[in-house]
Protein chains: 2
Amino acid sequence: MGTQERKAREFAAREDLFLDTARRLILGDGLLSLTMARVAAACDYATGTLYQHFSSKEDLLLALSTLMSGDRVELFCRAAGFDGTTRDRMFALSVADVLFASQCPEHFRLAQYVFTEAVWSATSEARRTQALERSQPMCEEVRSIVRQAVDEGDLPDRGLRNLDLGVGPWTLCLGMHTLVHADGLLSFYDVNRPYGLLLQHIEFLLNGLGWKPLVDDISASHVADKVERLWRGVFHGVCDREGLHVLLSDLDTNSTNRTNRD
Amino acid sequence: MGTQERKAREFAAREDLFLDTARRLILGDGLLSLTMARVAAACDYATGTLYQHFSSKEDLLLALSTLMSGDRVELFCRAAGFDGTTRDRMFALSVADVLFASQCPEHFRLAQYVFTEAVWSATSEARRTQALERSQPMCEEVRSIVRQAVDEGDLPDRGLRNLDLGVGPWTLCLGMHTLVHADGLLSFYDVNRPYGLLLQHIEFLLNGLGWKPLVDDISASHVADKVERLWRGVFHGVCDREGLHVLLSDLDTNSTNRTNRD
DNA sequence: CGCGTATTTTGAACGGCGTTCAATAAATGA
DNA sequence: TCATTTATTGAACGCCGTTCAAAATACGCG
């Protein structure tokens with residue numbers, strides 16, 4: 001039955017239209033002023049039609065978050081394909097995360113909001129499993145890199161499973177994103193180059209895991225060098241060189257003369 | 001003028017009443033069904049009176065989150081006072097965090113929600129600075145432990161400032177809390193004892209930082225032993241021994257027979 | 001104590017939003 | 001062509017955060 005297929009295609013296309021429009025509206029006026037009526041109106045549909053696709057406003061937001069994370073997955077997979085040691089590739093995943101966060105900050109804000117219990121619990125089961133399934137490839141990359149590292153003897157498994165070893169860098173990244181997006185918090189505590197620090201701590205953690213080859217000098221410039229290599233290897237074309245490095249540098253111009261160590 | 005002081009006291013007392021009531025209502029019916037009208041009614045005040053204290057509903061939620069984090073700060077300071085090496089004390093901070101998260105899960109849910117941009121931006125400047133200032137003691141504990149460790153030669157500073165070194169464990173904890181509270185996510189990925197893993201990764205990270213004394217065998221049982229000592233040293237009286245250990249153990253009963261390493 | 005003024009409290013009213021559903025329109029197929 | 005199913009519409013509903021004019025209370029002073 002060709003008509004059914006066509007209908008399904010049209011339905012999917014309309015859903016994409018709704019989501020794209022919602023994204024545009026959020027980018028323009030912020031998450032706060034997004035309303036179901038506005039989304040529908042901007043697409044020349046009635047409000048009720050939205051509910052053919054999304055069980056609630058929260059459901060739409062989760063769908064949008066999932067859609068936007070597609071780019072993230074892509075960047076992740078690209079990073080995982082870096083031609084280097086397993087340790088380099090694991091490091092590259094964190095850089096991909098940082099890069100994506102800077103290129104698409106609204107995604108993290110949205111995701112943070114959506115993963116809140118108040119919002120999450122108002123979404124449909126179908127959307128939730130969809131969200132989890134779409135993120136699975138990232139998880140598989142982590143697993144596969146860890147597996148290879150253990151197999152090749154570069155990483156002692158200590159009786160831990162593959163993802164259990166990969167969950168450290170994952171939580172480091174996630175935590176730092178959360179801090180960065182909590183407006184005013186890091187500046188209050190005078191922490192000035194969060195993502196540079198993040199990558200240094202990733203290296204510390206990888207060293208602590210005994211992930212070979214160990215790095216002797218984990219300095220800001222070491223991280224910058226490594227990021228430079230990664231840019232040449234996988235991230236050119238996705239972002240410009242300066243942009244990536246500015247991310248890691250100190251935002252506080254007075255910091256060069258800083259004397260107190262607190 | 002004594003009356004002014006009395007008035008201020010009464011005003012503060014009423015604010016506490018509002019916040020306590022809001023907390024009670026949230027515990028009973030969840031964050032979703034909390035309304036300003038219900039809070040006011042439960043205290044036998046008119047809705048408008050609430051707005052003498054809080055500029056918006058979000059403002060109230062932030063105030064509540066700040067209030068609840070008082071216990072967290074207390075637990076943190078207690079942990080920091082552990083009689084052990086600087087490394088032990090740093091580790092103890094993470095355990096305090098885990099402990100608090102388990103004793104007061106609604107705090108983390110609330111905090112996560114409040115730190116969302118959509119909510120945060122609807123709070124008053126005064127509340128935001130209050131929130132940051134109240135959390136300062138925790139930050140000071142971290143700084144002071146790191147400072148002492150560096151001074152005593154147990155931790156190479158690598159040109160990093162005190163809090164820059166402490167931000168790693170901080171983000172690890174924060175990230176893991178976020179994962180734990182994203183309902184269904186960890187079970188989907190089959191990560192079964194998040195907090196046990198967190199503490200292992202804290203040890204990995206501290207090793208990677210070169211924080212002496214280094215730990216050779218970072219196993220689940222090593223962590224359990226360390227937690228046991230901490231419980232005897234500082235956390236008895238705040239929680240029961242079993243509760244603390246159950247937190248770190250595997251929640252999936254089938255895991256003992258697990259064969260695949262993914 | 002009494003009275004005028006300042007302050008606080010009240011809760012109905014307002015506006016906006018998410019969601020629903022009876023009415024309407026479009027599509028389908030015999 | 002027309003009956004029937006399916007999809008769309010948008011006004012209506014209920015709920016909620018917020019406001020503000022009116023009522024109540026507290027205060028200062030003679």
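Residue numbering restarts at 1 for every chain, and letters A, B, ... go by the order of the sequence lines.
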Give the rounded distance in Å between these two atoms: CG of B:D29 and P of D:dC15.
-> 15 Å
Would you say C:dG18 has OP1 or OP2 under 4.0 Å from some side-chain N or O of A:R38?
-> no
Shortest side-chain distance from B:T35, nucleotide among C:dG18, D:dG10, D:dG17 = D:dG17
What is the distance from NZ of A:K57 to P of C:dC17, rounded to the nearest Å?
-> 9 Å
For C:dT10, does OP1 or OP2 lie under 4.0 Å from any side-chain N or O of B:T49?
-> yes
Counting only side-chain N and O atoms of A:R6, is one of them less than 4.0 Å from OP1 or OP2 of C:dA27?
-> no
Which nucleotide, D:dT18, C:dT19, D:dC27, lies nearest any side-chain atom of A:S56?
-> C:dT19
Which whole-number value in Å describes the distance from A:H53 NE2 to C:dT19 P?
-> 15 Å
Round to a whole Å and report the spacing from OH of A:Y45 to P of D:dA7.
-> 13 Å
Checking D:dT19, C:dC17, C:dT28 against the side chain of B:Y51 (C-beta onward), the nearest is D:dT19
Just how far, in rounded Å, is P of C:dA27 from NZ of A:K7?
-> 8 Å
Nearest-Å distance for atom pair CD/C1', residues B:E58 and D:dC16 = 12 Å
Decide if atom CD of B:E74 counts as having more than 12 heavy atoms of other residues, nucleotides or ligands within a radius under 6.0 Å.
-> no
Could you check how far CG of B:L17 sits from P of C:dT9, rounded to whole Å?
-> 13 Å
Using a distance-only test with no angle check, is there a side-chain donor-acceptor pair under 3.5 angstrom linking A:S124 and A:D59?
-> yes
Between A:F115 and B:H181, is a ring-ring contact (aromatic ring centres under 6.0 Å, His included) present by the stated rule, with each step listed?
-> CA-CA 8 Å; A:F115 273 90; B:H181 282 91; over 10 Å; no
Quick one: B:D44 CG to C:dT9 P, roughly how many Å, whole number?
-> 14 Å
Return the nearest nucleotide to the side chain of B:A46; candidates are C:dT8, D:dT8, C:dG11.
-> C:dG11
Of the listed nucleotides C:dT8, D:dT8, C:dT19, the one nearest the side chain of A:T47 = C:dT19
Within the structure shown, what part of the strands sits under 4.0 Å from B:L34 by heavy-atom distance: base, sugar-phosphate, or nothing?
-> sugar-phosphate
Determine, for B:Y45 and B:R14, whether the Lys NZ or Arg CZ falls below 6.0 Å from the six-membered ring centre while staying within 45 degrees of the axis.
-> yes
Counting side-chain heavy atoms from C-beta on, which of D:dA7, C:dG18, D:dT18 comes nearest to B:M36?
-> D:dT18
If every non-hydrogen atom of B:C104 is compared with every non-hydrogen atom of B:M68, which pair is closest and at what distance?
-> SG-CE, 4.2 Å
